[in-house]
**Student:** 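Questions regarding the structure given below will be posed in turn.
Every chain is numbered from 1, with letters handed out A, B, ... down the list of sequences. What you see is a predicted model, and the numbers here were worked out from it, not measured in a lab.
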Number of protein chains: 2
Amino acid sequence: MRKTSIKDIAAKAKVSIATVSYVLNGTRNVRPDTRHRVVEAIKELNYKPNDIAKSLKLNRTNTIGVIAEDVTVFNAPEIIDGINDFGDRHDLHILLVNLRLNKRIGRNFADIESYRKYAADAVSELLSKQVDGIIYIGVHTRDLTGLIDADGKPIVYTYGYTRDDISIQYNDEQASYQAMSHLIAKGHSRIAIISGLMDSIPSRQRLNGYYRAITDFQLPFDPLLIKMGDWERESGFRLTGELLSLPEPPTAILSMNDVMVVGVLQAADERGIKVPEQLSVMGFDNREFSDYLRPRITTMELPLHDMGYQAIESLYNVINGNKTEPLIMPECRLIERDSVAALPTM
Amino acid sequence: MRKTSIKDIAAKAKVSIATVSYVLNGTRNVRPDTRHRVVEAIKELNYKPNDIAKSLKLNRTNTIGVIAEDVTVFNAPEIIDGINDFGDRHDLHILLVNLRLNKRIGRNFADIESYRKYAADAVSELLSKQVDGIIYIGVHTRDLTGLIDADGKPIVYTYGYTRDDISIQYNDEQASYQAMSHLIAKGHSRIAIISGLMDSIPSRQRLNGYYRAITDFQLPFDPLLIKMGDWERESGFRLTGELLSLPEPPTAILSMNDVMVVGVLQAADERGIKVPEQLSVMGFDNREFSDYLRPRITTMELPLHDMGYQAIESLYNVINGNKTEPLIMPECRLIERDSVAALPTM
DNA sequence: CTGTTAGCGCCTTCAT
DNA sequence: ATGAAGGCGCTAACAG
């Protein structure tokens, strides 16, 4: 048997289908007793409105397409959680497309052509589904200009950006400045930094924060303390080796992610250098494992939830033509644990 | 201006809308030259079919509703990835609902009432959206009977089950049997096990695997070596303390998840007991951090991707009325790292 | 306050 | 091989 529709309700309640629609949406005043009859009929027949029909009519699906470059990457779930948070409050649904980039092309992000087709298919799929807007979640922050043609649909990027579209980022410079401030407050002045890949905006901005802190706090600047890593554990290991071999090694290392911290710890351990007693270490990301390593890692937590929340909030605003002031950029948060020690004042 | 529709194509190609539909779907033979005209028109107008209208007509959305109890829990992303894998191959789309249980109710899963409403809302939302079927991803495996009324829509559970519905699990007993076999092959015979919460099916089944291995390999059975944990790090720590205080302590510990291993390691470290030289340790889950701890943890990897894949595959089969033999239960895989040492043979 | 009706974009039966 | 037309379930003029 067919699913019960507005028509069945109308028949049962002895009203027109228009009236049913009115009580359903509250778009018109309806006499209490007729409303009652309708409500009863709805209950008895266990009626569920058909959003598909509604969407067709209204040309509006209340659905946001979310394209994740890879849901298994650590930033994705928490960003999606933020999207859901806002979505729940505003009756927005989420159509999720997972590009599965890690499994399909590995880390070869430089070659846009290798995944252009996946992205284009995703967009086309979402457009056919008539989503009201699109959110794109990158695996790491980079310029995505020209990857996607959203055909006029509102789109916002997070963990990525283009020249023309809205994108949500967090304040990288502030984050590394804050990390540095923490280290400096603990008495450190020879502070090394291990960066991520330098083609990445976050790496550069965090380096800016580092420079600014050095300047503001009038620390001696030593280029030997600046090391270019690649986000991977091995680079943390190798570069820490170099740092510790310096004639005058640093007393603290700021690593631009927690994964490289694993390498830092290992390098220190192999040289019999105790963390944090002889070497303080800070990371970025507040990955789950930061709390499991020994010592537990002091790190900067990323505002992933907020980024997701803001991404969909911005999208919602442009979809509805709301004029709103720009949202304030989310900031990282210092998570103090055990990998930073105060330097004895001399 | 209105979006271009099938009607515009028909006008431009000087055919009827029916013909356009035919070439779009290949449902009828169309003379090559008319087909050509249609295809050209589609290109020129950059036409994208409207799946909403199609769905309304066909009463089929090619969309699967996925209800995740919490996408930020470690099992969810990889399961979703498996769902996407199959979905991509069969043109199935994913409408994702995130119950956000961790943030909303914490770990209070025993009290179904506290989240029944969230689940009901999710289902109702998906039914209105006319999904063709539903997948429910739990946070941990338990009986969910009576939580959800899917109103006749096909539904399959993973990381959870009900009395009546399809559910996808992996082979827990086999997994712990295999883990035990590995330990035994390395020469261990006094092997302790730290379980998860005992209200959990996986805990019980893994214990079965433990017993079966003990029996099959004719190891002495010592109830003192069986400890009931609660999946959390602290219980791993505390119970390892108890185990190491035994008059005759175990030479190996099998922990039912990697998180408790963190506690195991810590307890051993505090007593100056070297892992794996003096104590071998194995975990479950192959969490990312298992590779970051020192020593790197040997563990059983969960077939999460396969579970997601099988979940949607089963769903797809019931939706399409395919008669198929039941899928074979996915199995865990041993990941050998550095936390297990061979016992010197005496 | 309530009913009638056109039409959203598409598929498909029926006719030619 | 192609076209005409009805209808999926719903909303919103418009009419009364």
Side-chain angles (χ1 to χ4, degrees), chain A residues 1-39 41-42 45-63 91 124 126-132 151, chain B residues 1-39 41-42 45-63 91 124 126-132 151:
Chain A
M1 175 192 143
R2 229 185 62 269
K3 274 217 69 175
T4 87
S5 87
I6 207 179
K7 215 182 292 182
D8 305 308
I9 307 296
K12 179 142 192 127
K14 302 207 184 307
V15 294
S16 76
I17 61 169
T19 303
V20 177
S21 174
Y22 296 145
V23 344
L24 239 25
N25 301 300
T27 28
R28 276 262 208 304
N29 280 335
V30 174
R31 228 194 300 140
D33 60 321
T34 48
R35 139 167 291 123
H36 182 73
R37 289 212 313 282
V38 172
V39 172
I42 289 177
L45 299 184
N46 187 28
Y47 166 76
K48 292 262 195 323
N50 182 332
D51 278 355
I52 295 292
K54 185 168 177 169
S55 294
L56 178 60
K57 177 71 194 170
L58 297 187
N59 197 27
R60 229 268 198 195
T61 54
N62 281 325
T63 300
D91 190 33
S124 147
L126 292 175
L127 291 180
S128 277
K129 282 285 185 185
Q130 311 296 119
V131 296
D132 297 333
D151 202 21
Chain B
M1 178 196 137
R2 230 185 60 270
K3 276 216 69 176
T4 88
S5 86
I6 204 178
K7 213 183 293 180
D8 305 307
I9 306 297
K12 178 140 193 129
K14 303 206 181 306
V15 296
S16 75
I17 60 169
T19 304
V20 178
S21 175
Y22 296 147
V23 343
L24 241 25
N25 301 300
T27 29
R28 276 261 209 304
N29 281 336
V30 173
R31 227 191 304 136
D33 60 321
T34 49
R35 139 167 291 122
H36 182 72
R37 290 211 313 282
V38 172
V39 172
I42 289 178
L45 299 184
N46 188 26
Y47 165 75
K48 293 262 193 327
N50 182 330
D51 277 358
I52 296 293
K54 185 168 178 170
S55 295
L56 178 59
K57 178 70 196 173
L58 297 187
N59 196 27
R60 230 255 204 203
T61 54
N62 281 325
T63 300
D91 190 34
S124 148
L126 292 175
L127 291 179
S128 277
K129 283 284 186 186
Q130 310 296 120
V131 297
D132 297 334
D151 202 22

**Student:** Are side-chain N/O atoms of B:K129 and A:S55 paired as donor and acceptor at under 3.5 Å?
**Tutor:** no
**Student:** What is the distance, rounded to the nearest whole Å, between atom CG of A:D33 and atom C1' of C:dC1?
**Tutor:** 11 Å
**Student:** May I ask you to evaluate whether B:Y47 reaches the phosphate of C:dC10, defined as a side-chain N or O under 4.0 Å from OP1 or OP2?
**Tutor:** yes
**Student:** Please give me every residue in residues 55-63 of chain A whose heavy atoms get under 4.0 Å of an atom in DNA chain C, ordered by residue number.
**Tutor:** A:L56, A:K57
**Student:** Does OP1 or OP2 of C:dT2 have a side-chain N or O of A:R31 closer than 4.0 Å?
**Tutor:**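 For C:dT2, OP1 or OP2 has a side-chain N or O of A:R31 closer than 4.0 Å.
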**Student:** Would you say C:dT2 has OP1 or OP2 under 4.0 Å from some side-chain N or O of A:T19?
**Tutor:**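 Answer is no, no contact under 4.0 Å.
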**Student:** If you draw a 6.0 Å radius around NZ in B:K48, do more than 12 non-hydrogen atoms from other residues or ligands fall strictly inside?
**Tutor:**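 More than 12 heavy atoms, drawn from other residues, nucleotides or ligands, come within 6.0 Å of this atom.
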**Student:** Please determine whether a side-chain nitrogen or oxygen atom of A:T34 lies at a distance below 4.0 Å from atom OP1 or OP2 of C:dT2.
**Tutor:**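 For A:T34, the contact criterion (side-chain N or O under 4.0 Å from OP1 or OP2 of C:dT2) is met.
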**Student:** With heavy atoms under 4.0 Å as the rule, sort B:V15 into base, sugar-phosphate or nothing.
**Tutor:**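 The residue B:V15 makes sugar-phosphate contact but no base contact.
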**Student:** For a 4.5 angstrom cut-off between non-hydrogen side-chain atoms, does A:H36 reach A:V38?
**Tutor:**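 Of all side-chain heavy-atom pairs linking A:V38 with A:H36, none is under 4.5 Å.
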**Student:** State whether B:S5 places a side-chain N or O below 4.0 Å from either non-bridging phosphate oxygen (OP1 or OP2) of C:dG9.
**Tutor:** no
**Student:** Have a look at B:I17 and say if it touches a base, only the backbone sugar-phosphate, or nothing, with a 4.0 Å heavy-atom cut-off.
**Tutor:**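 Result for B:I17 = base.
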**Student:** May I ask you to test the A:Y47-A:I6 pair for a side-chain heavy-atom distance under 4.5 Å?
**Tutor:** yes
**Student:** Which residue lies toward the 5' end of DNA chain C, A:A18 or A:N29, if each is placed at its nearest nucleotide?
**Tutor:**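 The 5'-side residue here is A:N29.
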**Student:** Rounded to the nearest Å, what distance is computed from the CD1 atom of residue B:I6 to the P atom of nucleotide C:dT12?
**Tutor:** 11 Å
**Student:** Where does the chain A footprint on DNA chain D start and end, counting 5' to 3' with a 4.0 Å heavy-atom cut-off?
**Tutor:**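 So the contact region on DNA chain D extends D:dC8 to D:dC14.
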**Student:** What's the shortest heavy-atom distance between B:A41 and B:K12, and which atoms?
**Tutor:**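 Taking B:A41 first and B:K12 second, the nearest heavy atoms are CB-CG, 3.8 Å.
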**Student:** More 5' along DNA chain D: A:Y22 or A:D51, using each one's nearest nucleotide?
**Tutor:**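 Closer to the 5' end of DNA chain D: A:D51.
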**Student:** Touch check for B:N25, heavy atoms < 4.0 angstrom, all strands: base, sugar-phosphate only, or nothing?
**Tutor:** sugar-phosphate
